Each structure stands twice: as C-alpha cells, then as structure tokens.
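In this text the structure is predicted, and so the values were computed from the model without any measurement.
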Amino acid sequence: AYLAPWHRDLAESAAAGALLVGMYLAVAAFALRELRAKLQAQGRISLLAEVFRNSAEAITLTDRTGLVVEVNDAFERVSGLRPGEVIGRSAMDFVSERTPVKVVNELQAALLGEGAWRGELWHLGKHGREFPALLSMAAVRDGQGRVSHHVFSAVDTTGIKRAEARILHMAHHDALT
C-alpha cells in the first residue's frame, strides 16, 4: 500500500512521457516531410536554372511591362549584348527598324495583352548589328492567373535566310552559264 501512490505516479509519468514522445515523433515526421518537399523544390529550381542557362536558344525574361529582368548566356552569344546592357531596358529596344510595322504592332499587342506571339523579326544586336530571328513570346502567370512576366525565345535565322537565298538563286539561274 505504501508503494501504490508511487506506482500510480510512475504509470502516469510513463503515459505522459509516451504521449510527449509520440507528439515529438509526429512533429519530427512533419518537419521531415516539409524538409523533403523544400529540397525537392530547390532541386527543381536548380534544374530549371540550368535549363535556362544552357539553352541553345536566346532567352529573355521581362516583367509584365516588357522591361528586361534576365537573359541567358545564349542571348549574349547571339546578340553580342551582355546582361548589364539589356536588363532594365524595354524588350522592344532590341527590335530593328527593318521589322515590318505590322509585325511590331502584333508583338506589342501580345505584350500588352495576355497572349502569346510567334513570328519572324529583325533583332538588334551589339553595335547596331541586325539579324533575322524567329521569336516566340509567352506570358508567365502568377498564382492568381495574372500576367507577371513574359518569356522570349529567339533563334538567329541568318544561316537559314542565306540558304534560302542560294536556293532561290539556283532555281532562277542556270549554273552552266
């Protein structure tokens, strides 16, 4: 009888301890799930950054108003312009005056609207160098579905245009004369 209260206290303490251990394990399991999710998200972000950096196409990211916020390495290779020369400027600053007005108007309407655009234009590179490019533009939306950015992907088509010109020349001129 003398040990009964002590035995009861010990049993209650053990139950409380088991409850605390169970709660601790539940919190630890939740924290591990959260950590795993964060690591997976960070891995995905790292992968997407590598895709952006290593793409063969020149990629430009603008804010919703069309101001450049980032370009990839291929943009510099194609245009000759370094990121510091383009970030903060309007993407339209790099569309040459050789581009037909109709094309410029379509691109601007797509930029101000919420759609996408694809077409050919003349791109303006370093020191005013102009080159033909196939450009794709798409809106990037935030969690509420509003346009937050635009992504542009461009391919220099100078080689294709030269080949087309040679083929047209050969089609209309006799190679023997």
Side-chain angles (χ1 to χ4, degrees), residues 25-164:
L25 289 174
V27 169
F30 176 77
L32 283 173
R33 279 193 301 274
E34 289 296 308
L35 180 60
R36 186 177 304 124
K38 279 185 180 181
L39 289 174
Q40 287 173 340
Q42 287 174 348
R44 182 179 165 101
I45 290 169
S46 295
L47 174 62
L48 292 173
E50 285 302 310
V51 168
F52 178 80
R53 191 175 6 266
N54 294 304
S55 174
E57 294 184 0
I59 299 174
T60 304
L61 182 66
T62 70
D63 65 13
R64 65 179 176 76
T65 67
L67 296 180
V68 177
V69 295
E70 191 63 67
V71 295
N72 70 347
D73 295 344
F75 179 90
E76 184 174 353
R77 282 192 306 275
V78 169
S79 70
L81 296 163
R82 294 193 320 268
E85 296 174 281
V86 297
I87 292 176
R89 292 179 58 190
S90 170
M92 297 306 293
D93 290 349
F94 306 101
V95 176
S96 166
E97 291 179 4
R98 288 179 66 179
T99 302
V101 173
K102 179 180 182 236
V103 171
V104 173
N105 289 340
E106 289 172 0
L107 177 57
Q108 286 178 323
L111 254 177
L112 296 174
E114 295 187 12
W117 185 85
R118 182 177 176 95
E120 290 184 293
L121 54 69
W122 284 88
H123 196 284
L124 199 55
K126 187 92 170 179
H127 304 299
R129 182 179 76 87
E130 297 173 314
F131 58 93
L134 178 61
L135 184 79
S136 296
M137 185 275 295
V140 177
R141 299 179 187 282
D142 63 17
Q144 287 75 41
R146 295 181 304 245
V147 173
S148 63
H149 295 83
H150 293 94
V151 62
F152 294 83
S153 177
V155 177
D156 182 347
T157 58
T158 302
I160 294 169
K161 295 293 183 187
R162 283 187 189 136
E164 285 176 356

- Message: Does Glu50 have more than 12 heavy atoms from other residues, nucleotides or ligands lying within 6.0 Å of its CD?
- Response: yes
Any Val104 side-chain heavy atom under 4.5 Å of Met92 side chain = yes
Value for CD1 (Ile45) from NZ (Lys38), rounded to nearest 0.5 Å, stands at 11.5 Å
All heavy atoms of Leu67 vs all of Ser90, minimum pair found to be CD2-N, 3.7 Å
One should read off an interatomic distance between Asn72 CG and Arg53 CZ, to the nearest 0.5 angstrom, of 10.0 Å
Which of Val69, Thr62, Asp142 passes side chain to side chain contact (heavy atoms under 4.5 Å, CB included) with His149? Answer is Val69
query = Taking it one step at a time, do Leu61 and His150 satisfy side chain to side chain contact (heavy atoms under 4.5 Å, CB included)?
reply = CA-CA 6 Å; Leu61 182 66; His150 293 94; over 6 Å; no
### Message
I'd like to know if the side chain of Ser55 and the backbone of Val51 have a donor-acceptor N/O pair within less than 3.5 Å.
### Response
no
In Val71, Leu47, Ile59, the residue satisfying side chain to side chain contact (heavy atoms under 4.5 Å, CB included) with Phe52 is Ile59
So NE2 of His123 and CZ of Phe152: to nearest 0.5 Å the spacing works out to 9.5 Å
For Val68 and Phe94, the nearest pair of non-hydrogen atoms, with its separation, is CG2-CE1, 4.5 Å
- Message: Closer than 4.0 angstrom, basic N to acidic O: yes or no for Glu106 and Lys102?
- Response: yes
Scanning both residues in full, the closest heavy-atom pair of Met137 with Ala110 reads CE-CB, 3.4 Å
Could you please spell out the steps behind the side chain to side chain contact (heavy atoms under 4.5 Å, CB included) verdict for Val103 and Trp122? CA-CA 10 Å; Val103 171; Trp122 284 88; over 6 Å; no
- Going by distance alone, is a donor N or O of one side chain under 3.5 Å from an acceptor N or O of the other, for Ser148 and Arg64? no
Arg82 and Glu76: CA distance, side-chain angles, deciding distance, salt bridge (Lys or Arg N to Asp or Glu O under 4.0 Å) verdict:
CA-CA 5 Å; Arg82 294 193 320 268; Glu76 184 174 353; 5.2 Å; no
Here the gap from Leu135 atom CG to Thr99 atom OG1, rounded to the nearest 0.5 Å, amounts to 9.5 Å
In terms of heavy-atom contacts, Leu111 and Gly66 come closest through CD2-CA, 4.4 Å
Over 12 non-hydrogen atoms of neighbours within 6.0 angstrom of CZ in Arg162 = no
*asked:* Is the shortest side-chain heavy-atom distance between Leu124 and Val95 below 4.5 Å?
replied: no
The residue among Val155, Asp156, Thr158 that forms side chain to side chain contact (heavy atoms under 4.5 Å, CB included) with Val78 is Asp156
Here the pair of heavy atoms bringing Ala56 nearest to Ala74 is O-CB, 3.6 Å
Query raised in the report: In this structure, are over 12 heavy atoms from other groups packed under 6.0 Å from Arg118 atom CZ?
Result: no
